[in-house]
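Let me begin by presenting the structure, written as structure tokens, before commenting on it.
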Amino acid sequence: MGWLAGIILLLIKLGVVLVVLLTAAAYLVYVERKLLSRLQIRLGPNRAGPFGLLQPLADALKLLTKEDLVPEGADRFIFLYAPGVVAASALLIFAVIPFGRGWMFMGHEIPMVVSDLNVGLLYVFAFSSLGVYGVALGGWASNSKYSLMGGIRGVAQMISYELSLGLSLVPVVMLARSFSLVDIVAAQAHYPFIVLQPVAFILFFISAGAEIKRIPFDIPEAENELVAGFHTEYSGMRFGLFFLGEYVTMVVLGSLVAVFFLGGWRGPLLPPLVWFSIKVLAVVLVLIWIRGTLPRLRYDQLMHLGWKVLIPLGLINIVVTGGVLLWWGS
Amino acid sequence: MPGEKNRLLRVTEGLVALIQGFWTTFIHLFRKPITEEYPEYKRPLPPRSRARIILTRDPDFEERCVACYLCSASCPVSCISMQSAERADGRRYAAWFRINFSRCIYCGLCEEACPTLAIQLTPDFETCQYDLLTLVAEKEDLLVDHGGKNQEYNYYRYAGVLVDGDKGGHIQEARPVNLKSNLP
Amino acid sequence: MPQLIIDRREIEVPAGTKVIEAAARLGIIIPRFCYHPALGSVGACRVCAVKFLEGPVKGVEMSCMTAAQDGMVVSTTHPEAMEFRRYVIEWLMLHHPHDCPVCDEGGHCLLQDETVSGGHGLRRYLGLKRTYRDQYLGAFVQHEMNRCIHCWRCRRFYQDFAGYRDYGVMQIGNRTYFGRFADGPLESPFAGNLIDLCPTGVLTDKPARFKGRRWDLERAPSLCLHCSLGCNITGSARYREMIRVEGRLNEAVNGYFICDRGRFGFAYANHPERARTPRLDGQEVTWEEACRTAAHRLTRISREYGPGAIAVWGSTRSSLATLGVLQRLCREQGWLGPQFFNSPSRERKVKAAISRLDAGVAVSLADLEKADFLLVAGADPVNEAPMLALGLRQAWRRGATVVVLDPRPVHLPLEFEHLPVPPGGIDLCLDLLVRAAVSHSATEGLLPEAAAAFFNNLSCEYPGDQPLQDRLVSLGMKLKESKNPVIVCGLDIVRESTVVLAADHSRLLRAAKDRAGLFYLLPGPNAFGAGLLSLAGEPSSPSYADMLAAAEQGRIKALVMMETDPFRTFAGQPQFLAALDRLEFLLVLDYLPTPLTDRVQFFLPTTTVFEEEPSGWVNQEGRCQQAAPIYVGGRPISQEGAGSHPPRVFLAGIPGGEPQPGGQTLAALGVALKGTGAPLYLEELDTWLAELNPVFAPLLESKVTHPGVRLLPEARGDYAFSHPNKATLRDVPDDHLELLLVDWTFGTEELSGYAPPTQEVEQPPRLTMQSRDALRLGLGPGDRVSLALGGESITLDLEIVENMASGMMVLPRHRQLAGQKFPEGPILVPLQNIHKV
């Protein structure tokens with residue numbers, strides 16, 4: 001009976017997480033457009049529903065009803081499944097993120113995480129890297145020069161920033177002495193890691209921003225040069241999947257920042273879930289703010305920042321953290 | 001090292017600029033949006049705004065268009081087509097004249113190219129249709145009964161081609177040469 | 001060979017070359033208005049000024065008036081020269097009416113180009129503009145004299161180059177006027193070239209007036225099909241309609257110019273009655289169905305009555321591909337034919353002509369202009385192939401003697417000897433002339449054996465006309481002096497022996513002088529190609545008449561008519577239609593709206609030379625040239641919209657775009673007949689043709705490029721003289737007149753007969769006879785006569801002239817007489833059949 005309850009519980013958790021995540025992603029679009037326009041002294045969407053609140057719905061309807069075009073000469077199979085890779089890998093990362101303290105229910109403790117993997121952090125890396133396959137394959141399969149260049153840029157950017165992303169989290173693991181995200185949150189019981197590791201936080205924030213290809217790191221899309229980069233040839237819901245992937249990753253990124261540096265669901269007074277949401281939202285809002293402020297980096301600037309600044313900084317940070325831990329420990 | 005110092009300075013300047021940028025956008029959050037909401041408020045457009053195209057008439061109420069094809073030649077999207085023809089009195093005119101507004105980008109090059117001031121752009125831009133073919137305008141749809149931005153100009157008073165009457169009757173023209181006379 | 005430097009580039013040019021031409025060879029185009037390579041220099045416009053920096057001439061000079069000399073250093077972009085040219089253009093524009101928007105030249109106007117490139121934009125002169133009244137110059141040329149810049153090109157072409165006098169220059173100085181003394185149509189059949197030559201909009205194309213700007217036209221190099229000369233043209237189409245035709249430079253054929261028939265006869269392609277959809281039993285059907293049904297019916301007839309029950313007619317106005325596929329289809333299926341010529345004697349003449357042409361003796365129109373003695377036997381150049389007349393004039397301007405042996409009242413724009421002898425006498429005249437010219441070589445034993453034998457067989461007297469004989473002998477003396485004689489032979493009215501004799505005589509002259517040319521005029525633009533196929537198709541196909549008789553007797557059950565209109569030159573319409581009614585299956589393929597296309601049950605449309613695919617055509621000297629397609633075909637938009645705007649619809653195809661090139665249609669039919677495994681008719685056509693007749697081999701080796709590939713055998717030393725049975729002089733009984741059916745510049749040629757501009761200038765058919773014959777019949781000038789022919793009679797105006805052979809009547813093969821019954825062969829009309837009405 002235990003395993004049956006386990007499965008039912010898992011399915012419920014999956015369902016809830018999925019619904020919440022997708023809705024969040026959809027409304028994130030709205031939030032982003034609204035906030036962005038206010039940052040630019042505009043009004044933003046205000047026609048669909050009160051305050052334009054139904055805009056995400058309208059967008060979804062539009063995307064679903066649009067014609068699904070496959071360009072001539074495209075590698076049909078790859079072209080069709082590439083957007084799925086992007087969306088799925090983004091969604092799957094959320095599986096290991098703890099979003100609250102465990103519940104006691106009928107004598108069992110229900111952990112507020114879909115799956116508490118002991119190598120959670122590696123899993124996160126694995127899936128965030130997997131997402132780039134969608135970009136690369138989609139770009140290549142489109143049989144369009146813009147898409148191909150976008151795809152190639154995406155891969156190059158991902159390879160460069162994967163390193164600093166990994167390096168920035170090594171100190172966190174060293175502090176928490178675990179790869180499990182639940183344990184990392186647990187390790188921040190007294191103070192969040194942002195206090196101990198401000199450099200790692202900044203490194204992670206920048207690298208993760210590059211990882212999800214947002215302004216100022218959106219050269220794989222680069223509208224002014226590449227039309228729309230890797231998803232130039234996509235239309236309808238397949239484009240929607242790319243879009244969805246991007247906003248889910250934003251939420252995921254917010255969650256990861258919260259988990260690694262802001263103490264996860266921990267916080268005074270308010271329930272853990274609310275704290276978690278607040279932290280995620282704060283990260284997301286900062287991301288939007290960045291988008292509203294910074295211009296896109298040039299390709300060489302991007303590479304320069306990744307290889308010559310972030311990676312050396314990450315390495316130094318590891319050495320310093322290790323040294324301090326050694327000294328502290330002794 | 002001076003280089004190092006410069007670099008430090010540059011990093012500091014960069015950081016300050018970053019913060020300034022973020023501050024600027026942040027301040028914007030609290031400003032009143034400058035957006036004018038279109039269907040509720042329609043801004044009066046200047047007369048030289050470029051939208052719907054018309055064919056005007058000269059002061060004699062004749063069609064100004066002589067179907068010289070210059071507008072269609074200058075049109076970057078090839079949305080103007082016509083057929084020139086000769087009227088009984090020798091005047092050149094457009095037998096048909098068609099502008100495909102679904103292609104038109106309202107760049108105004110046709111108006112610049114027009115030697116007779118016939119084709120002009122007007123500020124009337126609300127021309128959306130659901131059926132593309134209804135956006136194809138024929139001469140009847142384009143022709144208006146006024147001179148548009150210039151009510152005075154009449155091309156045929158300057159160009160020395162004969163429409164009716166004798167040669168030499170246009171602006172700055174001498175009487176025709178008498179071939180059968182040696183008198184100067 | 002002077003060497004000079006132009007814009008820091010060195011070039012060596014032949015002595016006498018003008019600097020403007022030397023610069024052109026370097027690719028530097030100096031501005032010019034009055035200079036034209038064909039018309040030479042005159043120095044009237046002053047716009048080709050360049051700066052001579054070093055050498056025998058110094059300072060700013062006209063490059064068209066200065067011959068290139070050693071040591072010259074020329075700058076075309078020197079500030080002084082540029083300044084000079086800028087002022088010249090401003091002067092030229094002083095009186096210009098500034099009417100480019102309503103001027104048809106706008107868009108390809110030399111004055112426009114030079115004004116813009118010269119930098120002149122605003123008229124600074126405040127005085128009045130000089131104006132002229134315009135003239136009516138006929139249906140072809142529009143006159144707008146205010147635009148004139150006095151370059152003199154028109155007068156120099158019209159009077160000097162073409163040799164007509166009715167258009168010229170009046171007044172002086174600033175008042176100089178180019179036009180006619182009074183309004184009236186231009187007399188020259190080359191007047192259309194004024195349109196190409198005029199650098200501004202004074203003389204513009206009237207039929208193409210206000211039809212479109214140059215930049216909107218679809219243009220491609222094409223060929224003129226209105227006679228056998230194969231002149232090169234540039235065709236322009238717009239909105240699926242042929243708009244205009246211009247001459248295109250081919251130095252080996254027509255030079256820069258074309259005749260008015262070629263320039264304005266193209267409109268048959270736009271004919272509103274042209275059928276453009278496949279039609280089966282009065283119903284429009286798809287191509288697939290049409291091909292399937294045609295193949296099915298032909299197969300059935302072939303199975304029931306044998307393949308010999310299917311006869312095939314072609315014509316000489318089809319492209320080489322069409323003719324070739326037609327021939328191949330007949331060979332494979334065992335059908336009767338194809339017969340490309342509408343009369344057996346014409347077929348024999350064409351075969352005789354082209355089998356006697358070789359690379360050594362055949363001359364092009366350009367070669368002909370360099371000849372110094374031109375013997376024109378049985379040809380009326382202005383009427384049969386107008387550009388030949390222009391060629392003859394150029395030869396005459398270089399000092400050549402032109403002798404015309406022809407019974408017709410021949411007019412040429414040059415001074416020539418016209419000997420109006422009857423067709424039967426042309427042979428004798430040729431004999432006498434050439435005999436007088438080569439007798440010294442013969443007596444000195446300089447002729448090879450075969451030539452000497454031929455010489456010994458020549459007639460030596462013209463019975464009953466001593467003055468003529470003396471004249472011939474004296475002309476023969478002139479021929480003796482010549483170094484490069486050319487015999488021009490028409491095929492139309494001459495006896496069959498004359499065609500052979502012309503070839504033999506050219507060989508004899510060649511034997512005596514090392515150099516002699518032969519130039520035939522053939523019936524139809526691709527008569528040479530059709531003749532080559534016919535030659536290879538021995539035994540020759542039965543004639544139209546034989547096939548029709550067989551159809552009447554029920555031996556022929558099916559007839560395929562490929563781009564041919566037998567009504568025009570063949571027996572009367574009612575009998576013909578009656579014979580056709582007895583057929584079980586009649587398939588007509590054509591691009592013209594012939595009387596047949598409406599009547600037949602089964603019709604497949606084909607394309608004109610201007611549409612769809614490139615096509616090859618072999619002109620009368622064996623030069624295969626290619627005509628590029630100008631537009632994709634389809635019904636003209638002006639007809640779709642009936643003058644107003646075209647219909648507003650989305651369409652996937654082209655309205656009226658169904659016609660396919662004849663060759664493709666036949667190939668599709670062939671595939672439908674044979675099913676799978678049918679040969680690649682079009683792809684392998686050149687190979688097949690080369691196997692059929694080795695002279696087609698050059699088509700295999702290279703693409704047909706400008707200026708064309710000659711399909712001629714190599715010159716051989718052992719020419720076999722034919723010793724034909726010469727025509728007898730008096731082959732017409734005294735109480736008969738021979739009726740010669742002849743061509744006119746306008747009105748008789750088939751294609752241009754469907755073109756409104758040329759219809760407009762054609763004259764109604766009239767009967768021409770010599771004054772002595774008219775006197776014999778008691779007829780006077782201005783009479784209307786009726787002519788009874790084989791039971792029918794036609795009524796025409798009579799024209800009486802002096803300069804034609806007696807015992808003859810001349811009647812144009814006019815389109816208004818099409819469908820009339822004319823007997824085969826020389827037509828003899830008893831005197832009592834000619835009445836005054």
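Every chain is numbered from 1 and lettered A, B, ... according to where its sequence line falls, protein lines coming before strand lines.
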Donor-acceptor pair, side chain of B/Lys139 and main chain of C/Ser644, under 3.5 angstrom: no

Spacing of B/Asn182 atom CG and C/Arg175 atom CZ [to the nearest 0.5 Å]: 7.5 Å

Expected output: side-chain C/Thr131 to main-chain B/Lys167 donor-acceptor under 3.5 Å: no

Expected output: side-chain B/Glu173 to main-chain C/Leu128 donor-acceptor under 3.5 Å: no

Side chain B/Gln83, main chain C/His645, donor-acceptor under 3.5 Å: no

CG on C/Asp99 to OH on B/Tyr156, rounded to 0.5 Å: 9.0 Å

Proximal component of B/Asn178, with respect to chain C [non-hydrogen, under 4.5 Å]: backbone

Residue pair C/Pro101 / B/Tyr155: nearest heavy atoms and the distance that separates them: CD-OH, 3.2 Å

Gap between atom OH of B/Tyr69 and atom CH2 of C/Trp215 - 0.5 Å precision: 10.0 Å

Under-4.0 Å salt bridge between C/Asp104 and B/Arg92: yes

Distance, nearest 0.5 Å, that separates CZ of C/Arg213 from SG of B/Cys68: 6.0 Å

Test item: C/Gln171 side-chain N/O and B/Ser181 main-chain N/O as donor-acceptor pair under 3.5 Å: yes

Which atoms of C/Asp216 approach chain B - backbone, side chain, both or neither, heavy atom under 4.5 Å: side chain

N/O donor-acceptor pair under 3.5 Å between C/Arg209 side chain and B/Glu86 backbone: no

Atom group of B/Glu138 that falls short of 4.5 Å from chain C, counting heavy atoms: side chain

Under 4.5 Å from any heavy atom of chain B - which part of C/Tyr239: side chain

